[in-house]
Amino acid sequence: MNELYLVLYGYIPYAVVMIFLVGIIYRVATWITAKGGLVGLYNANVCLYRDDWGGSTMTEVLKRIFIFYTLPGRDRDWSLFIGSFLFHWGGIWIALIGHLGIVIPGTYLERWFGLTPSLHQTIALYVGGTAGTIALIGLLILIVRRIAGRTITVRVMGEYKVRIPLRMFSFLDDYFAVAILLAIIVLGLYQTLGITPYNPAYVDVISKWMWSLVMLHPNIQPIINYPILQVHALLAMVFIAYFPWSKMMHPFSFLFMPTIARPAIKVKTTG
């Protein structure tokens with residue numbers, strides 16, 4: 001049994017990282033070399049033409065990444081905006097980045113940054129718990145929006161509008177991504193709010209295992225007796241390996257959108 005654990009949690013994580021990196025490089029390369037010009041994963045929007053990467057282009061990219069201001073669209077789809085805003089800010093910018101604090105063992109955090117174990121646990125409990133809850137609320141809003149009969153407007157030839165149920169644009173990969181994200185968030189919240197407060201050493205258990213992977217000397221012993229952590233880690237690895245080959249690659253497409261980097265319709269002010 002220990003051999004199986006070693007393969008799953010000692011060797012496969014490295015394979016997952018390689019799949020993730022190779023997948024991103026491959027997808028970006030295919031965008032760059034695509035016939036017909038660069039393409040993104042978003043609807044085309046006409047914007048004022050300013051061909052300067054240090055100015056309007058990077059500002060536009062940052063605005064779309066951090067405030068999602070284009071999501072409501074002409075149809076005022078506020079459920080998409082609110083759900084996406086909560087999910088991304090809670091699940092990515094806070095919770096995901098917060099996981100970096102778990103990678104480093106408490107002894108090193110205290111030595112390098114003066115972060116005591118009690119303070120580390122408090123941050124993990126309150127900041128991590130809040131972020132996870134925000135992400136869960138956002139994801140549930142997006143799930144309800146997808147399955148509750150929401151319709152979207154599709155414009156044909158710029159003249160005709162057709163309202164189509166969102167379910168018609170939902171495929172197996174969409175439901176797979178949502179299901180695995182929901183499972184990861186729920187298990188993460190359970191560990192943060194249901195285990196950590198009663199087992200202060202739990203964060204250290206995770207850190208010892210993850211730090212051993214970073215140091216290229218995998219040690220699976222700390223997580224042997226924690227099945228919830230094992231399932232959570234396994235789902236996270238599936239998600240990471242799947243990420244580059246799915247629609248979730250959209251953050252990396254921002255700089256390859258012709259309507260941002262090189263607007264297809266160039267509008268210049270005169271007079």
Test of understanding: clusters of I, L, V, M, F, W, Y form through side-chain heavy atoms closer than 4.5 Å, transitively. Do Ile240 and Tyr14 belong to the same one? yes
At their closest point, which heavy atom of Pro244 faces which heavy atom of Ile24, and how far apart are they? CB-N, 3.7 Å
Sequence-distant partners of Phe243, ring pair (Phe, Tyr, Trp, His ring centres under 6.0 Å), two or more places apart: Phe20
At their closest point, which heavy atom of Gln121 faces which heavy atom of Pro197, and how far apart are they? NE2-CA, 4.2 Å
Closest non-hydrogen atom pair, Ala135 against Gly90: CB-C, 3.7 Å
Note: Met237 and Leu8 closest approach over all heavy atoms is CE-O, 3.4 Å
With Phe176 via ring pair (Phe, Tyr, Trp, His ring centres under 6.0 Å) - residues at least two apart: Tyr242
Heavy-atom closest contact (Leu80 atom, Arg145 atom, distance): CB-NE, 3.6 Å
Between Leu6 and Ile220, the two heavy atoms sitting closest are N-CD1, 3.4 Å
Distance-only criterion, 3.5 Å: show the donor-acceptor pairs between side-chain atoms of residues 100-115 and protein atoms not counting sequence neighbours.
none

Out of Ile82, Ile137, Leu181, Ile134, which residue meets the side chain to side chain contact (heavy atoms under 4.5 Å, CB included) rule with Phe87? Leu181
Could you pull out every donor-acceptor pair under 3.5 Å between side chains of residues 228-235 and any protein atom, sequence neighbours left out?
| from | atom 1 | to | atom 2 | distance (Å) |
| --- | --- | --- | --- | --- |
| Gln230 | NE2 | Ile223 | O | 2.7 |
| Gln230 | NE2 | Ile224 | O | 2.9 |
| His232 | ND1 | Ile184 | O | 3.3 |

Would you check, one step at a time, whether the test side-chain contact (heavy atoms from CB on, under 4.5 Å) holds for Ile143 with Tyr175? CA-CA 9 Å; Ile143 291 174; Tyr175 292 113; over 6 Å; no
Pair Gln221-Tyr5, side-chain contact (heavy atoms from CB on, under 4.5 Å): steps then yes or no: CA-CA 9 Å; Gln221 291 305 316; Tyr5 280 129; over 6 Å; no
Could you walk me through whether Leu125 and Leu193 satisfy the side-chain contact (heavy atoms from CB on, under 4.5 Å) test, starting with their C-alpha distance in whole Å, then the side-chain angles of each, then the deciding distance to 0.1 Å, before giving a yes or no? CA-CA 7 Å; Leu125 178 61; Leu193 303 178; 4.0 Å; yes
List the atom pairs, with distances to 0.1 Å, where a side-chain N or O of residues 208-215 and a protein N or O form a donor-acceptor pair under 3.5 Å, not counting sequence neighbours.
| from | atom 1 | to | atom 2 | distance (Å) |
| --- | --- | --- | --- | --- |
| Trp209 | NE1 | Tyr9 | O | 2.9 |
| Ser212 | OG | Trp209 | O | 2.5 |
| Ser212 | OG | Asn219 | N | 2.9 |

With sequence neighbours excluded, what pairs up with Tyr202 under the ring pair (Phe, Tyr, Trp, His ring centres under 6.0 Å) test? Tyr226
